[in-house]
Amino acid sequence: MASVKLPDGRQLEIEPAERARDVAERIGKRLARDAIVAKLDGNLIDLDAPVDGGGEFEVVTGDSAEGLEVLRHSTAHAMAQAILELYPGSKLTIGPPIEDGFFYDIEVAGRITDDDLPRIEERMREISARDLPIEREAVSKAEVLRLYEDNPYKLEIISDLEDGEITLYRQGDFFDLCRGPHVPSTGRLGAFKLQNIAGAYWRGDEKNKMLTRVYGTAWPTEKQLKAYLRHLEEVKARDHRKIGKDLDLFTFSPDIGAGIPLFLPKGEMLRHLMEDYVREVQTRHGYDHVWTGHLANEQLYVKSGHIEHYRDDMYPAMVDGETRYRLKPMNCPSHMTLFNSQAHSYRDLPLRYAEFATLYRYEKSGQLSGLTRVRSLTQDDAHVFCTEAQVQEEFSRALKIVREVLDTYGFDDYYVRLSLRDQETGKYVADDEKWTRAEGALTEALDATGIPYRPAAGEAAFYGPKADFMAKDVLGREWQLSTIQVDFIQPARLGCEYVGEDGQGHTPVLLHRAVTGTTERFMGVLIEHYGGAFPVWLSPLQAVVVPVADRHLDYARRVQETLAAAGIRVEVDDSQNSMQKKIRENARQKVPYLLIVGDAEAEAGTVNVRRRGEREQEETPLEDFRARVLEEVGSRR
RNA sequence: GCCCGGGUAGCUCAGGGGUAGAGCAGCCGCCUUGUAAGCGGCCGGUCGGGGGUUCGAAUCCCUUCCCGGGCUCCA
């Protein structure tokens, strides 16, 4: 007789024809009730599936990632059923679970708008109330081809499937080609909500037909769903576009153009502080800053190869007689031109050129989004010219800068995606040996620092391997921030050369790297990361002096002068508002310190300090406050 | 670029063929305030731009610009 082994090591004897649900029942009633599917020898199976072959057995509930996926997948099926019932003749395509939810791409007979979502959701609840058993059925390829004879999408999918391995899932009149597994019945769906409608090309290819995609989210319990929706609210409240407007940081104007952010005084101060900081770190690590303007002769990009590969992302040329100019889409060719303007000995290397350069890229209009995707962007870019032997050390140096900066901003949860060559494809240039050495150097440098990294084969740039830093913000969202790339190709193309110890000309290796990526995008990330409440050193406005009554204005101004003289960014709120309203308004502006001054403070030479986010105040000698702020700014806490 | 939704006062939004609205902000007064909205008044809009339908258009249609969600996480 067969037996299954449970996760706790127990063995259970299995009767012939016994199903997963029976085993779950025998383990525990409660577990059986929470069960979504089961796992046999590492494979997910339906609760209806027989387990009389025995093996390692595990009950899967909605608490596990796998259970959630199944739950969401089943919810997607219920949604598909609801849509087919409400829009007869619609054609299903694919409907997978995704992070936090699911979607289904459907060629809808008619049209679904956001206003229809409640109706569909209601029908889904009805389907759930019907508690239809969800049954798996093995079908032959011929049979399933017939079933879907009027659905070209499914036919396309089926054509890639092996006969004998094709399964269908049925619930009531509804069926869907599906690998499964699924919850045992539609009554076992959890809490769900439909979220939004979007267009999606069949197979993601813009040459294909546009389908209607409906997104939804699903959770085991109502409580979890609520918590998730609250999380979404939090994300929305931190949206950098909203905060950017509320805090007067930046704006956009159709009079200027799409994707070209305009920075108000506070936003510019923020940019300035961000860039200043990186400049300071880079300088400390031996980088030199250069400046190469906004335009370049198109011939430069012909030579570098960018025109060929990058043309669609560049602004059209400005023509001046025989000469065609392009807005700079990247700095490397300019920095190599700078390199070439002088003769170099191996003794000069490594040469590290850094630039905060505003570049212009013609992003597709639909790709633009707030500060995270813009057409005018400022990179904190640098190019290190070095010998091959210096690659590892320079990589480590860049790594140090990146780590220091990310650490300061509180991005302590990150890993490196190490993009390597894929031997199979022919897209990578340069010789094998160099690649092998470069990849080895990067891997060793990463190992030495102990940063977790995940190799990604086939993701390398055409000119060399790269390391991208993936950091999580306070809301757990992942952003690609810094990048370090090794380039064997471009220096040769642009004729970069140094004289080696042997007196011969050699081509340097080029390291491309960016710490915060672009100022605009990183600012967007920072705004959301901090929710607009920037640390003191980064706050455009660090303190506001609030006089209790107009007769305290003189003292307020003296406080301002004292602090401003120390380099603290401080204003006096001399508006005609009541004191409470001034506190409210400045608190909403997320000013780190409000300094309330009235009779007592003026007399004692103190300020009453109200810290951002706190209600308690503290009367502090002005001198002490000044020293405290300077200390905070100095340590960038 | 493509699909869907949207654009009304500086901001947030209501109004969807029949005289353009509210709150906040702004301005002017009064109040002189002790820790998140003091009171009153006033100003403010070619309803994104252009074209059309209509006796009449913010509202319906076309077009254009801009914004938002999304465009393989594969049955």
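Note that the structure is predicted; figures quoted are calculated from it, not measured. Keep in mind that the numbers below use all heavy atoms, side chains included, and drop hydrogens, waters and symmetry copies.
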Classify the nucleic acid contact of A:Ile94 as base, sugar-phosphate or nothing, counting any heavy atom under 4.0 Å across all strands shown.
sugar-phosphate

To the nearest angstrom, the CG-P distance between A:Asp246 and B:rC13 comes to 11 Å

Looking at the side chain of A:Tyr215, which of B:rG70, B:rU12, B:rG34 is the nearest nucleotide?
B:rG70

B:rC74 pairs with which nucleotide, Watson-Crick or G-U wobble, both distances below 3.5 Å?
none

A:Glu234 side chain reached by A:Arg230 side chain, heavy atoms, under 4.5 Å
no

Candidate nucleotides B:rG1, B:rC74, B:rG34, ranked by approach to the side chain of A:Ala600 - the nearest:
B:rG34

Base, sugar-phosphate, or nothing: which does A:Glu601 touch, judged by heavy atoms less than 4.0 Å apart?
base

Counting only Watson-Crick or G-U wobble pairs whose two distances fall under 3.5 Å, which nucleotide matches B:rC55?
B:rG18

Using whole Å, report how far CD of A:Glu107 lies from P of B:rU72.
18 Å

Could you tell me whether B:rG16 is syn or anti, where syn means a glycosidic angle within 90 degrees of zero?
syn

Over 60° means perpendicular and under 30° means parallel, so classify the ring planes of A:Tyr169 and A:His77, tilted if in between.
perpendicular

To the nearest angstrom, how far is A:Arg615 atom CZ from B:rG34 atom P?
17 Å

Does A:Arg72 make a cation-pi contact with A:Trp219 (under 6.0 Å, within 45 degrees of the axis)?
yes

Just compare B:rG34, B:rC11, B:rG70 and give me whichever is closest to any side-chain atom of A:Asp599.
B:rG34

Please report, rounded to the nearest Å, how far the C1' atom of B:rC4 is from the CZ atom of A:Arg213.
13 Å

Would you say the ring centers of A:Tyr593 and A:Phe625 fall short of 6.0 Å from each other?
yes

Contact residues, residues 38-45 of chain A to RNA chain B [heavy atom, < 4.0 Å]:
none

Without decimals, in angstroms, what is the distance between A:Asp248 CG and B:rU12 C1'?
15 Å

Within the 4.0 Å heavy-atom criterion, would you say A:Gly370 contacts the bases, only the backbone, or no part of the nucleic acid?
sugar-phosphate

Pull out every protein N or O sitting under 3.5 Å from an N or O of nucleotides 38-45 of chain B, one pair per line with the distance.
unit_1, atom_1, unit_2, atom_2, d
B:rG38, OP2, A:Ser578, OG, 2.7

Determine whether the aromatic ring centres of residues A:Tyr414 and A:Tyr453 are separated by less than 6.0 angstrom.
no

Closest to side chain of A:Arg588, choosing from B:rA36, B:rG70, B:rC74
B:rA36

Could a donor-acceptor pair under 3.5 angstrom be found where the side chain of A:Gln367 meets the base of B:rG70?
no

For the residue pair A:His73 and A:His182, categorise the inter-ring angle as parallel (less than 30°), tilted (30 to 60°) or perpendicular (more than 60°).
tilted

P atom, B:rA25 versus B:rU12: distance in rounded Å?
15 Å

Sugar-phosphate, base or nothing in reach of A:Leu92, heavy atoms under 4.0 Å:
nothing

Strand partner of B:rG45, provided both Watson-Crick or wobble distances fall under 3.5 Å
none

Could you tell me whether the side chains of A:Glu571 and A:Gln560 share a donor-acceptor contact shorter than 3.5 Å?
no

Please state how far atom CG in A:Leu247 lies from atom P in B:rU12, giving the value in whole angstrom units.
14 Å

First encountered from the 5' end of RNA chain B, between A:Arg584 and A:His552
A:His552

Suppose you measure atom C1' in B:rU35 against the same atom in B:rC11; what distance do you get, rounded to whole Å?
26 Å

In the structure shown, which nucleotide is the Watson-Crick or G-U wobble counterpart of B:rG40, with both distances under 3.5 Å?
B:rC28

Base B:rG1 paired with A:Tyr201 side chain (donor-acceptor, <3.5 Å)
yes

Side chain of A:Asp550, heavy atoms from C-beta onward: which of B:rU32, B:rG70, B:rC74 has the nearest atom to it?
B:rU32

Would you indicate which nucleotide in B:rC71, B:rG69, B:rU32 comes nearest to any side-chain atom of A:Ala200?
B:rC71

Let's test your reading of the model: under 3.5 Å, does the base of B:rA36 pair with the side chain of A:Arg610 as donor and acceptor?
yes

In this structure, how many angstroms lie between the P atom of B:rC67 and the CD1 atom of A:Ile260, rounded?
10 Å

Flag yes if more than 12 heavy atoms outside A:Glu122 fall under 6.0 Å of its CD atom; otherwise flag no.
no

A:Arg454 to A:Tyr415 six-membered ring, cation-pi geometry met (6.0 Å, 45°):
yes

Would you find a donor on one side and an acceptor on the other, under 3.5 Å apart, between the side chain of A:Asn208 and the backbone of A:Trp202?
yes

Atom-to-atom span, CZ of A:Arg203 to C1' of B:rC73 - whole angstrom
15 Å

Taking the side chain of A:Arg241 as its heavy atoms from C-beta onward, which of B:rG69, B:rU35, B:rC2 lies nearest to it?
B:rG69

Pairs satisfying salt bridge (charged side-chain N to carboxylate O under 4.0 Å, His left out), at least one member in residues 80-105 of chain A, at least two apart
A:Glu85-A:Arg123, A:Glu85-A:Arg130, A:Asp105-A:Arg213

Within the 4.0 Å heavy-atom criterion, would you say A:Asn608 contacts the bases, only the backbone, or no part of the nucleic acid?
base

Please tell me which of the listed nucleotides, B:rG69, B:rG34, B:rC73, lies nearest to the side chain of A:Ala198?
B:rG69

Both conditions, 6.0 Å and 45 degrees, for the charged tip of A:Arg271 above the ring of A:Phe263: are they met here?
yes

Side-chain-base donor-acceptor pair under 3.5 Å for A:Asp105 and B:rU72
no

Taking pairing as Watson-Crick or G-U wobble with both contacts under 3.5 Å, can you name the mate of B:rA9, or confirm there isn't one?
none

